[in-house]
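Taking it in order: structure first as C-alpha cells, then the write-up.
Side chains are part of it too, since the values below use all heavy atoms of this structure and drop only hydrogens, waters and symmetry mates.
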Amino acid sequence: MSSSLRIAVLVCDTPVQPVLEKYGDYYAIFQGLLKQGFQDLELPEELDVQFSGYHVVENPQFPELHDYDAVLMTGSKHDAWSNADWIVNLTSYVKKAFEAKKPIVGICFGHQILARALGAKVGRNETGWELSVEGLDLTDEGKELFGKDKLSIQQMHRDIVFHVPAGCSNLATSPICGVQGIYMPQRALSVQGHPEFHEGIMTPLLELRHQSGLFNDQLYKDGLSRAGNPHDGRLIAKTMVKFIVEAQSSKS
C-alpha cells in the first residue's frame with residue numbers, strides 16, 4: 001500500500017467551553033482518537049498519516065477530492081436534517097466524495113449526514129434523547145466488523161437515521177434507535193454514538209444542558225450515572241482506521 005495516508009477531518013461543531021479549554025477543539029480530539037487507533041492497529045509497515053482539519057460551519061470550504069484519501073465528519077449540535085446552507089452543501093459534498101469512492105467515516109451528526117447523502121431519511125426521534133454510555137445489539141455485520149457480540153458507546157443525540165441507505169448494512173441497534181451505524185466495505189462507515197467522548201467530555205455537556213433546561217433532572221441524573229462507564233471507543237477507533245487503511249490498500 002501507499003506509504004502515506006491523507007485524512008480530511010470535517011469539523012462540524014465547537015466543544016463547550018470547559019471541554020475546549022481542557023481537550024482542545026474537535027479536530028484535536030479526533031486526531032488523538034485516530035492516532036490511538038493507528039497505534040492499536042499495529043501496522044506491519046511505516047505509514048505516514050497526515051491530518052487536515054476543515055471547520056465547515058464557520059468557513060464552509062471543502063478540500064479538493066484529489067487532495068486526500070479519506071474523510072471523517074465529526075458530531076455536532078446542529079440538525080443533520082436542516083436545510084441551512086452549510087448543511088445542504090456538506091451533504092452534497094459528501095455525496096460527491098462517495099461517488100468518487102473516497103472512504104467516508106461519520107460520527108453522530110456525521111453518521112446522519114452520510115445517511116442523508118446516500119438517500120436515507122434523517123430526523124427527530126420522538127422517543128427522545130439517548131445519553132451517556134449505552135449498550136448496543138450488534139447485527140451479524142456489526143459482530144464481524146467489531147469482533148464481538150455487544151458494543152458500548154457514549155451517546156448524545158435525539159436525531160436518528162430512520163432507515164439504512166441502499167447498498168449499506170446496519171451495524172447495530174438500541175431500544176430507541178434502530179440504525180446505530182451504517183457500513184459499506186471500503187466506502188462508508190459510521191456510528192450514531194461518540195467514540196471520542198469520555199467522562200471528562202460527557203459530564204460538562206450534561207451539566208451545561210441541564211443548566212440550560214434542555215435536560216430535566218431525571219434525564220440529567222440518568223446520563224450522569226453512566227457517563228463514566230466503560231465503553232468501546234478505542235475499539236471503534238481501531239475499526240475506523242482499519243476500514244480506511246483497507247480502502248487505501250485496495251487502490252494500491
For the residue pair P18 and L208, what are the closest heavy atoms and their distance? CD-CD1, 4.0 Å

If you measure only the distance, is there a donor-acceptor pair under 3.5 Å linking the side chains of N170 and H163? no

Kindly compute the distance separating CD1 (I107) from CD1 (I236), expressed to the nearest 0.5 Å. 8.0 Å

Any chance you could lay out the side-chain contact (heavy atoms from CB on, under 4.5 Å) test for H210 and E207, step after step, and finish with the verdict? CA-CA 5 Å; H210 179 239; E207 290 173 345; 5.7 Å; no

Indicate whether the side chain of Q180 and that of S174 have a donor and an acceptor atom separated by less than 3.5 Å. yes

Answer yes or no: is there a donor N or O on one side and an acceptor on the other, between the side chain of Q112 and the main chain of D159, under 3.5 Å? yes

Between T239 and F146 (side chain of the first, backbone of the second, donor and acceptor by atom type, cut-off under 3.5 Å), is there such a pair? no

Please examine the side chains of L136 and T173, heavy atoms only from C-beta on, and report whether any two atoms are closer than 4.5 Å. no

Note: V19 and G200 closest approach over all heavy atoms is CG2-O, 4.3 Å

Taking V161 as the starting point, is it possible to reach I113 by hopping between hydrophobic residues whose side chains are less than 4.5 Å apart? yes

Tell me whether L145 shares a hydrophobic cluster with F38, the cluster being built from Ile, Leu, Val, Met, Phe, Trp, Tyr side chains joined at under 4.5 Å. yes

Is NZ or CZ of R209 both nearer than 6.0 Å to the six-membered ring centre of Y220 and within 45° of the ring axis? no

Under 30°, 30 to 60°, or over 60°: which ring-plane class applies to Y26 and F197, parallel, tilted or perpendicular? parallel

Does this structure show an ion pair linking D40 with R234, if we count only N-O contacts that are shorter than 4.0 Å? yes

Does the S76 side chain pair with the main chain of D13, one donor and one acceptor, at a distance under 3.5 Å? no

Please check this pair: side chain of R187 against backbone of F98, looking for a donor-acceptor N/O pair closer than 3.5 Å. yes

Over all heavy atoms of both residues, which pair between T74 and C12 is shortest? Give the atoms and the distance, please. OG1-N, 2.9 Å

Check whether any side-chain N or O of Y93 sits under 3.5 Å from a backbone N or O of P63 as a donor-acceptor pair, and report yes or no. yes

Output the distance between atom CD1 (I87) and atom OG (S82), rounded to the nearest 0.5 Å. 4.0 Å

Kindly give the cluster partners of I160, where membership spreads through any ILVMFWY side chain lying under 4.5 Å from a current member. F162

Do Y23 and H198 make a side-chain contact, defined as non-hydrogen atoms from C-beta onward lying under 4.5 Å apart? yes

Report the distance from atom CZ of F51 to atom CG of L5, rounding to the nearest 0.5 Å. 8.0 Å

Could you tell me if the side chain of L189 sits less than 4.5 Å from the side chain of I244, heavy atoms only? no

Nearest heavy-atom neighbours spanning L131 and G223: CB-CA, 4.4 Å

Does atom CD of E144 have more than 12 heavy-atom neighbours from other groups under 6.0 Å away? no

Counting distance only, does the side-chain N/O of R226 pair as donor-acceptor with the main-chain N or O of V133 below 3.5 Å? yes

What heavy-atom pair brings T139 and A172 nearest, and what distance separates the two atoms? CG2-N, 4.0 Å

Can you tell if the side chain of D222 reaches within under 4.5 Å of the side chain of S132, non-hydrogen atoms only? no

CD1-OG distance between I182 and S169, expressed to the nearest 0.5 angstrom: 10.0 Å

Return yes if some donor-acceptor pair links the side-chain N/O of K148 with the main-chain N/O of K143 below 3.5 Å, else return no. no

Find the distance between SG (C168) and CG (L118) and round it off to the nearest 0.5 Å. 5.0 Å

Answer yes or no: is there a side-chain heavy-atom contact under 4.5 Å between L72 and L10? no

With heavy-atom distances below 4.5 Å as the criterion, would you say the side chains of P165 and R116 are in contact? no

Would you call L47 and S4 a side-chain contact if the rule is heavy atoms closer than 4.5 Å? no

With distance as the sole criterion, is a donor-acceptor pair present between the side chains of Q192 and E134 under 3.5 Å? no

Within the distance-only criterion (no hydrogens, no angle test), does the side chain of D232 pair as donor or acceptor with the backbone N or O of L235 below 3.5 angstrom? no

Test item: N89 side-chain N/O and D85 main-chain N/O as donor-acceptor pair under 3.5 Å: yes

Got a sec, which residues hit ring pair (Phe, Tyr, Trp, His ring centres under 6.0 Å) with F243, two or more places apart in sequence or on another chain? none

Within the structure provided, determine whether H157 and C177 are in side-chain contact (heavy-atom separation under 4.5 Å). yes

May I ask you to check if K77 and F109 form a cation-pi contact, with NZ or CZ under 6.0 angstrom from the six-membered ring centre and within 45° of the axis? no

With a 4.0 Å cut-off on N to O distance, would you call K221 and D217 a salt bridge? no

Taking it one step at a time, do M202 and M156 satisfy side-chain contact (heavy atoms from CB on, under 4.5 Å)? CA-CA 8 Å; M202 182 60 71; M156 179 60 76; 3.5 Å; yes

Hydrophobic clustering (ILVMFWY, side-chain heavy atoms < 4.5 Å, transitive) - are Y54 and V9 grouped together? no

Residue pair V49, L34: steps toward the side-chain contact (heavy atoms from CB on, under 4.5 Å) verdict: CA-CA 10 Å; V49 182; L34 294 174; over 6 Å; no

Taking the six-membered ring for Trp, are H78 and W86 parallel (under 30°), tilted (30 to 60°) or perpendicular (over 60°)? perpendicular

In terms of side-chain heavy atoms, does S152 have a donor or acceptor partner in H231 at a distance below 3.5 Å? no

For the student: nearest non-hydrogen atoms of A188 and L114, plus distance: CB-CD2, 3.9 Å

Salt bridge D79-R124, side-chain N to carboxylate O under 4.0 Å: yes

Show your working on side-chain contact (heavy atoms from CB on, under 4.5 Å) between V11 and D25 and close with a plain yes or no. CA-CA 9 Å; V11 183; D25 66 7; 5.7 Å; no

Mind jotting down which residue pairs meet the ring pair (Phe, Tyr, Trp, His ring centres under 6.0 Å) criterion with at least one end in residues 120-142? Sequence neighbours excluded, please. W129-F215

Do S250 and Q186 meet the criterion of a side-chain donor-acceptor pair at a distance under 3.5 Å? yes

Over 12 non-hydrogen atoms of neighbours within 6.0 angstrom of CD in E126: no

Cluster check V88, V71: I/L/V/M/F/W/Y, side chain < 4.5 angstrom: no

Going by atom types only, do H194 and Q154 share a side-chain donor-acceptor pair under 3.5 Å? no

Could you give the distance from CG (L214) to CG (L206), rounded to the nearest 0.5 Å? 10.5 Å

Electrostatic pair K150:D137 at N-O distance under 4.0 angstrom: yes

So with a 6.0 Å cut-off around CD of E58, is the heavy-atom count from everything else above 12? yes

Out of curiosity, does I104 fall in the hydrophobic cluster containing V179 (side-chain heavy atoms, cut-off under 4.5 Å, transitive links)? yes

